[in-house]
Each structure stands twice: as structure tokens, then as C-alpha cells.
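Below you'll find the structure, written out as C-alpha cells, and then a few comments.
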2 protein chains.
Amino acid sequence: MRGMVTDPLATASPQESLGVLLGLVRSEIVRAMEAELAALGVDLRFTQFLILKRLARLGPMTASELARGVELDGGAMTRQLDQLEGKGYLRRCPHEQDRRALRIELTDQGTSLWQQLTDCNERVLEAAQRSLSEAERKRLHDYLTRVLHALRDKD
Amino acid sequence: MRGMVTDPLATASPQESLGVLLGLVRSEIVRAMEAELAALGVDLRFTQFLILKRLARLGPMTASELARGVELDGGAMTRQLDQLEGKGYLRRCPHEQDRRALRIELTDQGTSLWQQLTDCNERVLEAAQRSLSEAERKRLHDYLTRVLHALRDKD
DNA sequence: AGCGAATATTTGTCAAGGCAAATATCGCGA
DNA sequence: TCGCGATATTTGCCTTGACAAATATTCGCT
């Protein structure tokens with residue numbers, strides 16, 4: 001029993017493992033990102049990182065837009081916003097045209113935090129893909145995109 | 001605001017979206033698999049499906065081995081085994097050589113269930129990869145494997 | 001033989017996310 | 001203008017999985 005290492009990849013046939021493999025790679029990336037964040041002394045989960053990223057890149061937007069953008073449930077988004085607002089990284093402002101909605105915007109603190117995080121992000125992705133050539137990285141991205149579309153537009 | 005569709009892929013740069021993209025593809029595969037299972041009248045989550053798959057392919061094994069095999073926490077495994085045993089798909093037997101451990105084995109019902117599930121599995125993976133040639137599927141698998149190793153063996 | 005580290009299983013606790021219900025608005029059409 | 005269906009946000013409830021502590025064994029070493 002002891003020392004009996006069961007590497008999921010060692011015994012998985014190529015065909016069956018796509019779903020599993022994706023999960024493994026993703027969880028390693030998440031783990032690596034969160035480790036990098038922690039090393040920087042930043043207390044953020046991967047999801048929160050994605051939320052800040054989206055806000056930093058696309059500017060202020062509604063909570064719903066944000067939720068759709070990161071594929072997160074609306075209720076979960078409310079709670080993440082609570083946390084991020086509590087940490088001082090963003091602000092809930094009233095929406096100009098729509099009184100139902102919020103305008104979520106980064107605070108100055110949130111913006112300056114993002115400048116640290118953007119490197120962190122690239123470091124991890126670079127490390128993950130370090131054994132892939134530029135052409136291979138493009139192909140990987142292309143394949144994944146095509147698989148995603150195949151799953152979504154199921155004819 | 002309304003009708004303002006924000007496709008995560010439309011605005012994501014290739015570089016940044018690897019982690020996100022993996023998550024999207026994986027969750028679509030999981031969703032598709034669970035939908036297929038439900039359509040067959042089988043009440044199983046993706047994780048439970050993976051557990052049965054591993055048992056069906058590799059034969060009886062310890063709960064710990066199973067947990068490592070599907071990359072699941074030991075505590076979570078205990079609870080999944082509770083459920084699967086309750087549904088009658090597997091059995092916890094005492095381990096011959098190690099009184100700490102269990103020998104988890106499929107019941108007849110579990111074995112016959114698996115025969116239905118194996119098709120289901122292939123259908124979903126086939127649909128997911130239907131726009132990829134055989135060579136591309138191999139490459140996708142290869143790239144993912146290499147990324148996984150790069151992340152794990154971080155020199 | 002006996003001790004201590006490692007491993008197996010179970011259970012308690014916690015955070016994250018999905019789903020549904022409640023409330024507030026919006027906006028289109030009668 | 002009124003009403004109704006759709007959308008935005010929040011909250012409660014539930015499930016899942018990670019982490020840690022507790023208990024039972026096992027294994028290597030002295």
C-alpha cells in the first residue's frame with residue numbers, strides 16, 4: 001500500500017482523460033496563482049483575481065456583467081463583491097441609468113494592486129507553457145477554443 | 001444593459017485566458033456528462049462517475065488509492081463512498097492484508113451500470129472533440145500533459 | 001518486543017458556488 | 001398610463017471539496 005503511487009496519467013487512456021486532464025491542469029494553474037499571490041502577501045483567491053482582472057481591463061461595469069464575464073453565479077458574485085469591497089479594492093456605486101444595477105469600479109488601491117498582479121499572472125502562465133513553443137501555445141489555445149464551441153453550439 | 005452579451009472569449013487575450021479557458025471547457029464537459037447521465041435516468045455527479053470509472057477499469061482498490069487516483073480529498077472520498085454504497089453501486093470490504101484499509105469493489109449493479117456509462121462517456125468526448133482531427137486530438141492531449149508536467153516539476 | 005513515524009478512514013468545520021425566492025426596477029406593448 | 005414579463009441584486013439553503021483532528025493500524029528500526 002505504502003509507496004504505491006497512482007499517477008492518474010499513468011493509467012488513463014488518452015481518450016478518457018480529456019475531462020480529467022483539463023481539471024488537473026486547471027487546478028495546478030489555480031494553485032500556482034494563489035501561491036504566487038500569497039508570496040506577494042496578497043490575500044486573494046483565484047476567482048477574486050479574475051474579478052479584479054476583468055475590472056482592470058474593461059473598466060467599471062455592472063455586477064451582472066461581471067458575473068457573466070467570469071462565469072460566476074449572481075449570488076456568488078454578490079458575496080465576492082462584499083469581500084473585495086471590504087478589502088478596499090473596489091466600490092459599489094449607483095448606476096446612472098439603471099437604479100436596479102450597480103456600477104462596480106476599482107478603487108485607487110484596487111488599481112495599484114492590479115499592477116502587481118499582472119506580472120504575477122504572466123509569470124504563472126509563462127511557467128505553465130514553458131515547454132511549448134509559440135506556435136504550440138497558439139495551437140493549444142485554438143484547440144481549446146474549438147472544443148468549447150463544439151460543446152456550446154451543439155448543433 | 002439588457003442584451004449586452006459579454007462573451008468571455010471575445011475580450012480575452014490569448015495569453016491571459018489559458019486558466020480561464022481550461023475552466024470553461026472543463027465545466028462544459030462536466031455539464032454535458034451530467035446531462036447525459038440524467039437523460040439516461042442515472043443520478044450521478046461527475047465525480048461519482050469518475051470513481052466508478054476507475055473502479056471498473058482498474059478493479060478493486062483502497063479508498064486512498066481511489067482518492068489519489070481521482071485527485072480527491074480523503075474526507076470527500078469517504079462521503080462519496082457513502083453515497084455510492086447507498087445507491088448500491090459499490091461495497092466496502094475489509095482489506096485482506098491491512099486492517100486500516102478498505103477494499104472498495106463494484107457490486108453487480110455497479111458493474112452493469114458502468115456498461116451503460118462507458119458509451120455515454122465516449123459520446124460526450126467525441127462531441128467535444130468533433131471539430132478536431134485525430135492528429136489534433138493527440139496534440140491537444142500532448143500539450144496538456146506537457147503543461148501539467150511543467151507545473152508540477154517546477155525544477 | 002516496542003516505539004515512533006507514516007498511513008487509512010472517518011468526522012467536524014469552513015468557504016465557494018449553484019439554485020431558488022424575495023424585492024426593486026425597467027421597458028415594451030395594450 | 002398600466003401591467004406584465006424580464007433583469008439586477010441580495011439572501012437563504014444545500015452540496016461539494018479542502019483542511020485538520022481523532023482513532024486505528026502498520027512498518028521500519030532499535
Side-chain angles (χ1 to χ4, degrees), chain A residues 1-6 20 23-24 26-28 30-31 33-35 38 43-51 60-87 90-104, chain B residues 1-6 20 23-24 26-28 30-31 33-35 38 43-51 60-87 90-104:
Chain A
M1 198 94 343
R2 262 258 307 301
M4 184 159 186
V5 178
T6 52
V20 175
L24 295 176
R26 187 188 126 88
S27 74
E28 285 295 334
V30 171
R31 185 158 21 235
M33 272 296 310
E34 293 187 344
D43 181 30
L44 275 189
R45 307 305 303 275
F46 187 69
T47 299
Q48 301 174 329
F49 164 80
L50 292 180
I51 292 171
M61 68 183 76
T62 289
S64 293
E65 291 173 304
L66 204 43
R68 282 190 297 265
V70 299
E71 296 259 313
L72 191 64
D73 174 78
M77 179 56 71
T78 292
R79 285 176 271 249
Q80 293 299 339
L81 292 178
D82 288 344
Q83 289 192 42
L84 291 170
E85 191 172 34
K87 292 174 201 278
L90 56 80
R91 213 177 353 244
R92 281 187 247 227
C93 306
H95 192 285
E96 298 284 329
Q97 289 82 34
D98 188 343
R99 278 193 297 170
R100 291 170 302 176
L102 298 170
R103 173 187 161 96
I104 310 295
Chain B
M1 199 94 342
R2 262 257 306 299
M4 184 160 187
V5 179
T6 52
V20 175
L24 295 176
R26 186 188 126 87
S27 74
E28 285 295 334
V30 171
R31 185 156 23 232
M33 271 298 307
E34 294 187 343
D43 181 31
L44 275 189
R45 307 304 304 274
F46 187 68
T47 298
Q48 300 175 330
F49 165 80
L50 291 181
I51 293 171
M61 68 184 75
T62 289
S64 293
E65 291 173 304
L66 206 42
R68 283 191 297 264
V70 300
E71 296 259 313
L72 190 64
D73 174 79
M77 179 56 72
T78 292
R79 285 176 268 250
Q80 292 298 340
L81 292 179
D82 288 344
Q83 289 191 41
L84 291 169
E85 191 171 34
K87 291 175 201 278
L90 55 79
R91 213 176 354 243
R92 282 187 247 227
C93 305
H95 192 286
E96 297 285 329
Q97 288 81 36
D98 188 343
R99 277 192 298 169
R100 292 170 303 178
L102 297 171
R103 173 188 161 96
I104 310 296

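Keep in mind that what you see is a predicted model, and the values were worked out from it rather than measured. In what follows, chains are A, B, ... by sequence order, proteins preceding strands, each numbered from 1.
Distance CG/A:Asp82 to CZ/A:Arg92: 4.5 Å, rounded to 0.5 Å.
Within the nucleic acid shown, A:Arg31 has no heavy atom closer than 4.0 Å to any nucleic acid atom.
Across the protein-nucleic acid pair, B:Glu34 atom CD and C:dG18 atom P stand 12 Å apart, rounded to whole Å. Put simply, CZ on B:Arg79 is 7 Å from C1' on C:dT11, counting in whole angstrom units. Distance CD1 (A:Ile104) to P (D:dT9): 7 Å, rounded to an integer number of Å. What separates CZ of A:Arg100 from C1' of C:dC26 is a distance of 4 Å, to the nearest Å. Rounded to whole Å, the distance from CZ on B:Arg26 to P on D:dT16 is 14 Å. Remark: C1' of D:dG17 and CG of B:Leu66 are 15 Å apart, rounded to the nearest angstrom. To the nearest angstrom, C1' of C:dT9 lies 10 Å from CG of B:Leu81. In this structure, the CZ atom of A:Arg92 is 9 Å from the P atom of D:dT9, given to the nearest Å.
When all heavy atoms of B:Arg103 and B:Pro60 are compared, the closest pair comes out as NH2-CG, 3.4 Å. For the residue pair A:His95 and A:Leu102, the shortest heavy atom distance occurs at CD2-O, 4.0 Å. Across all their heavy atoms, A:Leu44 and A:Glu34 have their closest contact at O-CG, 4.4 Å.
For B:Gln83, taking side-chain heavy atoms from C-beta onward, the closest of the listed nucleotides C:dA16, D:dT16, D:dC19 is D:dT16. With C:dA8, D:dT26, D:dG17 as the candidates, the nucleotide lying closest to the side chain of B:Ser64 is C:dA8.
In this structure, B:Glu71 and A:Val20 have side chains that are not in contact, with every pair of non-hydrogen atoms separated by 4.5 Å or more.
Distances shorter than 4.0 Å separate none of the side-chain N or O atoms of B:Gln80 from OP1 or OP2 on D:dT15. Under 4.0 angstrom from either OP1 or OP2 of D:dA8 there lies no side-chain N or O belonging to A:Arg99.
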Quiz item: Does the salt bridge (Lys or Arg N to Asp or Glu O under 4.0 Å) test come out yes or no for A:Arg68 and A:Glu65, once each step is laid out?
Solution: CA-CA 5 Å; A:Arg68 282 190 297 265; A:Glu65 291 173 304; 5.3 Å; no
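Each end of the helix from C:dA1-D:dT30 to C:dA30-D:dT1 gets its own axis, taken as the rotation carrying the C1' atoms of four end pairs onto the next four within a five-pair window, and the two axes meet at 10° to the nearest 10 degrees.
Checked against B:Leu66 for a side-chain contact (heavy atoms from CB on, under 4.5 Å), the options B:Leu72, B:Leu90, B:Leu81 give a single hit: B:Leu81.
Checked by atom type and distance alone, the side chain of B:Gln80 never pairs as donor or acceptor with a backbone atom of B:Gln48 at under 3.5 Å. The backbone N or O of B:Asp43 lies less than 3.5 Å from a partner atom in the side chain of B:Lys87, making a donor-acceptor pair.
Using a 4.0 Å cut-off on heavy atoms, the residues of residues 43-51 of chain B that approach DNA chain D are B:Arg45, B:Thr47, listed by number.
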